[in-house]
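Contents: one structure, followed by commentary.
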Amino acid sequence: MIPLSWYLIFAAALFCIGLFGVMARKNAVAILMGVELMLNAVNINLLAFWRYLYAPDFAGWTFVAIVLVAAAAETAVGLALIISVYRRRSTVVVDDLSLMKG
Amino acid sequence: MTIQQVFFLAVAAITLFAAVMVVSTRRIMHAALWLILALFGVAVSFALLETGFFAVVQVVVYIGAIAILIIFAVMLTRQVFLDVGPQLNRGWWIPAVLVAGLYAALVGVLSTWSGFQTQAAALPEAASDLSQFGLALVDVNAYAVPFEVASVLLLGALVGAIFVASDRKGVER
Amino acid sequence: MDWLYIGVFMLVAAFLPAAAITAAGFLAPKKPNKVKSSTYECGIETVGESWVQFKAQYYIFGLIFLIFDVELVLLFPWAVAYNKLTLFGIFEAVLFVLILLAGLIYAWRKGDLEWI
Amino acid sequence: MTFWNDPVNFIGQWLQSVLVSWGVAPDVAQIILLVLGAGILGVLGLVWVIFLIWYERKIIGRMQDRLGPNRVGPWGLFQPFADMFKIFTKEYITPDGADVVPYNLAPVLAVAGTLMIWGVIPFASTIFGADISVGVLFIIAAGAIGELGILFAGWGSNNKYALLGAFRSVAQLISYEIPMVITLLIPVMFSGSLSLQTIVQSQSLWYVLLAPVPALIFLITQIAEVGRAPFDLIEAESEIVAGFNIEYSGLKFGMFFVAEFLHAFTAALLFAVFFLGGWRGPFAEQFPLLGFVYLWIKTFAVYWFTVMIRGTVPRFRIDQMMDINWKMLTPLALVMVLVTAVVHALVRPIGSPVVSLVALLVANLVMLVITLQFIRNSARARRRPMVAPSTVVVARPEPQPTQSNPE
């Protein structure tokens, strides 16, 4: 049988890869993809903890459902912002988007 | 090693490889394709956790909706389409080192935790009963508030995103 | 066991068409040439890159779809529990759906449901 | 257990005993049987398409005052085989600049997304692939895989028409998925389960009687999901030449057609399962094969109806199609869920199925009348501005008398 540790290590690795994507990517859409990976890692953790420690209680499931809702809202608004910015500035490279630099 | 363990390792390896490709591949469209594979791997790992509901929901929401939306957005922002030039920031090795350090710290902290090697107990019958989850979702003493707040949050996201995305008076190209 | 079957069946469902396509690949002739493998565009030379930009309309439909999809996923456990619910629990879901409808009506009033 | 009572499980147990007697471990024997069962079901599903193509060509032919295929074999029954052998020997043409992996993955995903559904459909009380507890959601997920196939095809082909067609298709498919999912809530509510087998078993009264309007919405959305006329904007030949599959040839192209025919039949199958009681019928519990026959009869009735629609109704314009979905079907489906939930909950304490049947029927009828009135009003409102400009005199050039008639 699979011990809890495997899931945690797997989720941690996925989270770190996503975080790297968020920090290192230039393209705003790619940054959002990194965020998706991180949220997925969180969901794996939540479900693994639920499965191994808190099984019959549905708190874990509710958490996962709320994370899904948050992910959907974040993607929708984030991509809408990216598209809107692209229309005005014709770029989605985050470094070029600093308003302060003008 | 049991068959289940081998299967888990294979799924995890594929998922992590896909995730690495998501953050490193040059063409943003291919990154989206790899993202779909990674999301599917996560869905399989949910099924391994005996939460079939979320395994299927993962496919419906993430692959069926979010991934398609991301692909739409990639195509709408055309200028990065062929993706010439490096896709990573110049100092990309700094986050790489940071992330590697974070990973080591996470695993280190986790391995000192007493529950790290917990084995799965048999899943109680009530835990796979979706109607119990449904009852809990509308029970005022349980999760009725998150349930309603979720709908308000989604309404806010819908209104906000439509407002932002459809600025007809904005600069049309 | 059921999930194992589902997994196997998904693999089979992907394998069968792939196998058929591969088998036909062995039977079929392979004589590509420049004209044959050019992009089909009513006989006119392709202008510009094919991966053209699209209007935001597609994105807005995808957006509304995503929001509805997530909400419906939350409604399914409620529907499963429907027979055990009190009237109060049902009205909670009614409120949930009404909030959803409000979003749809907003998009409608804003004119984003028109195909332009 | 005799053979005729339960043939599939009978053969399964017999095979297992044979395998065990050969010295195979029982667990391994079970897995072998499982793979075998999945393989057989998949192959049958795909072979069934060959028959469907013949059936549909025959019906459409009759509707258009033709005979349909009638040369190869009795009643032209072998015509699809001839077509199949022909398409097997066609050359694959991969366009220049195609994105090879998505391009080749697309037809596979398109077929897999439909075939996957067969794994959870209960064909009879004992004949089914797997009875998972989230079957309804699994069907929706399979639809998502099919959409992905179309998007891959459009992207991979390196063709403007293909990409435009793919975008249109996906916009149509995801739009119509919303009312479909909403109406699926109603069988789930009545039966209290997401498992298809339980949904079928709880239909002592067909759900089409309890929820006729949602059943109708489900049927319309299913036709749209398949992308058949009148919703065939996916491959509107006159507008975007063929849609997302323009750059495909040979069997790769054929696979999209296999997916379409299989999906059309699967849609009818799903309607029969969700709203027409699936395999239920007299003596179906005792003789599963009889249940299978019932399911097939119901499915063919629905399938015939969709083919009739395909043959008679003209294609919608894309804006009309989107209007039908977002301004009629989606709000109506949402309201129907609310009305059904509240009405059913109110009459439930009475405890009489006849009362709830009548109450739900009346509620459905009232909603239908209100909807029709809305449509009439909006149609009238839309017609008015169309009348006004026609009073303005427009200077038209006189039709030139033709010099010579080419005929």
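Every chain is numbered from 1 and lettered A, B, ... according to where its sequence line falls, protein lines coming before strand lines. We use all heavy atoms of the structure for the numbers below, so side chains are in, but hydrogens, waters and symmetry mates are not.
With a 4.5 angstrom heavy-atom cutoff, D:L151 touches chain B only via side-chain atoms. For B:V57, the part lying under 4.5 angstrom from a heavy atom of chain D is the side chain only. Contact annotation for D:L194: only side-chain heavy atoms (C-beta onward) come within less than 4.5 Å of a heavy atom of chain B.
Looking at heavy atoms from C-beta onward, B:W113 lies out of side-chain contact with B:V109 at the 4.5 angstrom threshold.
With values rounded to the nearest 0.5 angstrom, D:D99 atom CG is found 9.5 Å from D:F152 atom CZ. The line from CG of D:D131 to CG of D:L196 is 7.5 Å long, rounded to the nearest 0.5 Å.
In this pair, D:Y207 and D:F190 present their aromatic rings tilted. The plane angle is within the 30 to 60° band.
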